[in-house]
Structure formats: structure tokens, C-alpha cells
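Just below is one structure, and these are the notes that go with it.
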Amino acid sequence: MRKEHYDITGMSCSACSARIEKVLGKQKGVEQVSVNLLKNSMVINYDESIIDDATIVGKITKLGFGTTLHNGTGPATVAPQPTATAEDEVASMLTRLISSLILTVPVFYLAMGGMFGWPLPEIFEGPEHILINGMTQMLLTICVMIINHKYFQNGYRNLWLKDPNMDSLIALGSSAAFIYGVYTMYKLGWAFGHQDLAMVHALAHDLYFESAAMILTLITLGKTMEARAKKRTSAAIAKLMDLTPKVALVERHGLQGEIPLAEVVKGDILIVKAGNSVPVDGIVTEGYGSVDEAAITGESLPVEKQVGDKVIGGTLNKGGYFKMEATAIGSDTILAKIINLVDEATSSKAPIAKLADRVSGVFVPVVITIAIVTACIWLALGYDTAFAITVGVSVLVISCPCALGLATPTAIMVGTGRGASNGILFKSADALETAHKVNTVVLDKTGTVTEGKPVVTDVVPISVAEAELLGIAAAVEALAAHPLAEPIVQVAKEKKLAMPVASDYKLLPGQGLEAWVGEERVYAGNAKLMAQAEVNITAVQGAVEKFAAEGKTPLFFAKNATLLGVIAVADTLKPTSAAAIKKLQEAGVKVIMLTGDNKLTAAAIAKEAGVDDLVAEVLPEDKERIVRELQAEGRIVAMVGDGINDAPALARADIGIAIGAGTDIAIEAADVVLMKSDLLDVNRAINLGHKVIGNIKQNLFWAFFYNIIGIPVAAGILYIPFGILLNPMLGAAAMSCSSVSVVTNALRLRWVKF
């Protein structure tokens, strides 16, 4: 199965995207297709043994749209550049708008000046000059129509293909007004020829050229505002792309020099000075730096980097100087993967969008039918042709499938961008929608709730001072490769303690180890080892029992038969875990912790974290089974983990959330990635889901409500009881405003707090 991205041109509303999805979705070999109106793009999954690129392109071209296979793989990113297209669209629309305004204002002035008492040049004033006035309006309107020829080109082509879209409505509406104006001009000529001044007076205000021109200009105004707003929705991806420097300072064969980023290869030694961006992912080999990773992880404070530390491409070195070895380049960098994830999410569709797509697919034909039927009804009621055309044109131009098509993708694009800027990466719009439904969160313990690495929590010296105990313990443990040895050695180094020389290391399986320090034998291990070495540990029995209750592991140290003391080591709770769990519970979410650890240790962590339920001593397959059982109870489950053993449960859950510092397998299986490895971001992700879906529902409501109210009013439902008739120009303005309001509402998500 192959997955490809296509760029599509010529789409004007959701009816266009719905038509493409419908046609391609019926093709054999196509598994899934998603067209994004906002980004003018398409993502399609298909079996290349059944259908190929040429067939796909041919089908889209036959529908009247331009398309190219997107090949966006570059040296630093695998995502398309959204801002270039957006900027081109804004520039094009702005040119059309200015040109249209320059021509439309005189048309409007000539048509309405007499009614409002505005001064007109003598050649245009009075009934005797109505033909000159009308001819001028017609010529100016023709120029406006030429400038906006795309509406007619796309609209009538889609009408001919029995696939009408928003352009079809605009083309029909403005054409009807223009043609009726031309018809009136002929009638005026006949009236002048037969000296029928009464008819001249009657026809003076029936030219309708100003309506044709104003419809096109107002729609173009709306499209320009819409394009500017749409450009802002892609700001998150644009900012991420801007993080990548264009050049890198490389050291090769003892010489330094700048090279284009595309020429960097794995293993290169790169130099990063203060104020410069880290060009690619790598490891610090020399020097140090204070690196601002906010744009990648959302972390507000700079992170100190020393030899051996990992650095991420696109982050900023705020201070210091270091050399680094490039370990990941091009599309393999973390930044490129983030951009790709954000792009994939904004290209996908939430299930809620399917409602709008279904409506858009039939909306335009229904509107055209309503316009024709409405005009016929008014004619049948005895009203004149001008009145019927006014009503029909108003129905056509006020109807707005654009708002329906923009309601979902704008909110998703802004919402995922907002999440990405805070280190929360949604892989799809589906994940966003599922997040807001979550009522149960299942947490892995190690590395998720806890730090994932043991630390020294307590030091209880007995026969020596604390510094001497730590020094001897570190000297012996430095010989071992045991996970519990590292934190003891680390503490001794941090405190710069003197460590004696240890030798003749011997591992005692299941007990600990022994070594010689000078002329004395030192034992390091558990209570079994102390008993075997005939070391009396009664003095620390109370402390040991307390450590066990707290889920800590006691390590005993003795010299010959004398107990030196005990050091407690434990995997401690992350600073924000308890607060994060409390916030989830306050939001009505049940929190369950799963772990393979023993019950006593797990219970201590569970109590400290404040989870609702605990399941300990579980195997990896048990985690997946427990998630499945929770789902069988009707719960919407989010699984949060970071290890390989969490991958099955992450994939099984309704939404899998991977801690960003975890393994690639866990991240691949998850639907959401938390770059900061902070449990508070689980709550933020769920809240963001609520905000985005709420915004989409608002957009869809107003889009539907607008049409439900607007179409009957345009059809003249208020005319008989109240004498209110909607002018086509007002209908066109309302149509533009509805699309702009939907995009503007979505843009509010850029400042939402979650």
C-alpha cells in the first residue's frame, strides 16, 4: 500500500473537495483519500499494483482541477512549504480585488448616484442620457468580469460536468444579473426608438450591471480576507520550517567553513557558536552551551548542554560554544519528523468533518434548484421578471458552501499548530477528536509517572561518616554495571568525594558484590549478602522497613563484618506527576497505573502519585489486555507510555500517548507525542482536543445556521409580510462574511490557554 501527497489547484469550496474524494474513493485500489480545501492538498492511500499516479492525476484533471504529485522531501524537512502557496494566493487575490474595486466603484456610482442625489457629469445624467450611462456601466462590468474570469471558467465547467460548486453559484448569479442588464439595454433602445418615454423611466433602474459587478467584487473581497486568514492558520508549520538554518559551520580535515545544510553528512563535526541555531541533530563532542529548545519541546528555560549530551536541530544556542557530531540529517531529524507529523495531522480529517462533506456534496445543486423554483414561484404569483431575477440571484449568491468546507480544516490546522508549539504533537485530526472524549487514562509507571532512572534518596551511616560511606560505596559500585550502582557513583562525583581504590571485584548473583579496598574486604548488596557475611544489620532494621513501605531499595555496605551503613535507591516520582494526575481527576477522568514492578514498590508510587487504581506485576501483553477490558466496559481509554513493552497497549487504546523521551517504537505506535515528557501535557492534550472540537462545532453551527436563515430570506420569505427583499449585493457581502467569520473563529485557537 502506497501513500502519496498531491497539490491540487482550482478548488473553490467544499463541494470541490467532496467531489474529488467521492470520485477517487470509488476507484479500485484506493483505500483512503482525504482532500484538504484549506491547504489545496490531497493525501491518498492506494495499491500501486491496481492504480497508478497517472490514473489518479487523470481522474482529478478530468474533474477540472490541476494537480501535481507533491515531492517535498528535502534536506531538512519532509513537509510541503505551506506559506509560499498562501502568499501567492493572497497576492493574486489582492491584485484582483484592487482592479475590481477601481472599476466597480464607478459602476455603482453611475447606477445609484441619481437615486441618492449624488452629482453626476452631465453626459450621464437624466433620462435622455440613460443609454450612455448604461453602456458605460456595461463596459466597466465586462472588465470586472474579465478580471474575475476564474469564477466563470471554473463555475460553468463544473456545471457542464454536472458537478456545480461555489464558483457555479457566483457565475450563475452575476451572469443572470448581467444578461438581464443587457436585455434591459435592448428594451431601452426600443423605447427610445418608439419615443416611449414612460418605458424609459420604468427601465432606468433595471440595468442590474452594478449587481453583477458588486457580486464579483464583494466575493473577491471575501476571498482575499479568507486567503489572508488562511495564511495565518499555517503559521505554526511556517515557524517550524524557519527554525532550520540554511548553512552549517563544519570542521573537515582541520579546516572550518560554511556549507549549505544539504551538504552536511552524518559524522560531520559541526561548530555552534552563541546566537546560532543547531543545524541538525547530534551529540556534543567538545565545549558547552545553553540551548533554547522552546520551539521544539515547549520548554521555556534554556537547557545546559555538555559533552555527551544530545542536541536537536533547529534549537538555538543562547550562550557558550560547542562542537557536535551530526547523528541525524535531512528527514531523519527530530524537527523534520515534527513538521511531518503536524503536516499529516492538518491534512487529515476528523470524523466530525464527514457531516460537512456529505452536505457539501449535494448543497450546490440543491441551491440552484431552490433559486430556479423560487424565481418561477414569484413569476407565477404575478411579479415581474426583474423581481424574480433579483430573488433568484440573491439565493444563488448568499449560499455559502465555503464556510462548511473551512469549518473543520481551519480549526484542526490552528489547533495542531498550537499544540506543536507547546511540544504536543497530534498525528491526526482523528486523535484530536478522540482526545476530547477520553474518560480513562492508563499510565505506565517507569519513565512516565516516575523519572525512569533510580536516584539516591536516603543515606544512613552507622560506623562511619556519611561522606566516607558514600566514598567507599561509590568506589565499589563503580566496578559494577548494575542500574542501582550508577546513582551512587553519580552522587559521590557531584559531592566531589574522595573515593578509595577498589579491586578484585566479584559479582555475587542475587546478593550483590564484594571487593577489596586496601587490605579490607567490602560487601555491597542486599540483606542476604549481609547474613552470609555475618554482618549484623539490626541497627538499621527500622529504616529498612520504612524504605520498603516507601518502595525504595536498600543497599547495605559493610567492611569485613562491620556494617558501614545503608543507602536507599528508588525511581522517584516526576515533579509534575501528582499535579497532573490530580488535574485529570478533577476533569472527571479515571487514572489507572500499570507496572511490571512488585506490588509493594508500585503501591508506594501509586499512593504518592494519587492514582485511582493500580495494577502491578503485569506482563507487556497484560497491559494490552487490560486496555481492551476497559474498552469493553464502554470507556474511552488513553494509554500513556514510553517503552517498547507499552507499544501494544498504545496501539490498542482509543488514543495512545507517547512520552517524547521514550523509544521510537512507542512513539510510532502512539497517536500523540509529548515532547517534554511531562504528564501535565496529557491534561493539556485532552483540553486542546476539547477546545478544537468545540471550535469546529461552533463553525459548523454558524455555517449551517447562516444558510438555514440566509436562503429563505434571499428567497423573499419576508417580502409579503414585511416588504423586506434582500439585494443581491448584500447577499454577496453576507456570503463573504460567513467564510471569513469561520476562519477568524478558528484563529482564536492560536491564543487559547490549555
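Predicted model, so just to flag it, every value in this text is computed and none were measured.
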Spacing of Asp571 atom CG and Ile605 atom CD1 [to the nearest 0.5 Å]
6.5 Å
Got Lys676 and Arg684 here, is their nearest side-chain heavy-atom distance under 4.5 Å?
yes
Side-chain heavy-atom pair Glu286, Phe322 within 4.5 angstrom cut-off
no
Can we say Glu550 and Lys552 salt-bridge, meaning some charged N sits less than 4.0 Å from an Asp/Glu carboxylate O?
yes
Chi angles and distances behind the salt bridge (Lys or Arg N to Asp or Glu O under 4.0 Å) call for Glu293, Lys305
CA-CA 11 Å; Glu293 298 182 342; Lys305 300 291 183 180; 3.0 Å; yes
Non-hydrogen atoms of Arg252 and Val264 that approach each other most closely:
NH2-CA, 4.4 Å
Can a side-chain donor-acceptor contact be found between Thr562 and Asn560 if the only test is distance below 3.5 angstrom?
no
Would you call Asp504-Arg521 a salt bridge at under 4.0 Å N-O?
no
May I ask you to say whether Lys495 pairs ionically with Glu466, meaning some side-chain N is under 4.0 Å from a carboxylate O?
yes
Closest non-hydrogen contact found for Asp671 with Ile655 is OD2-CA, 3.3 Å
Decide, yes or no, whether a salt bridge links Glu304 with Lys318 under the criterion of side-chain N to carboxylate O below 4.0 Å.
no
Give the C-alpha distance, both sets of side-chain angles, the deciding distance and a yes or no for side-chain contact (heavy atoms from CB on, under 4.5 Å) between Ile537 and Gln541.
CA-CA 6 Å; Ile537 61 172; Gln541 198 63 48; 4.1 Å; yes
Does the pair Asp678/Lys574 count as a salt bridge with the N-to-O cut at 4.0 Å?
no
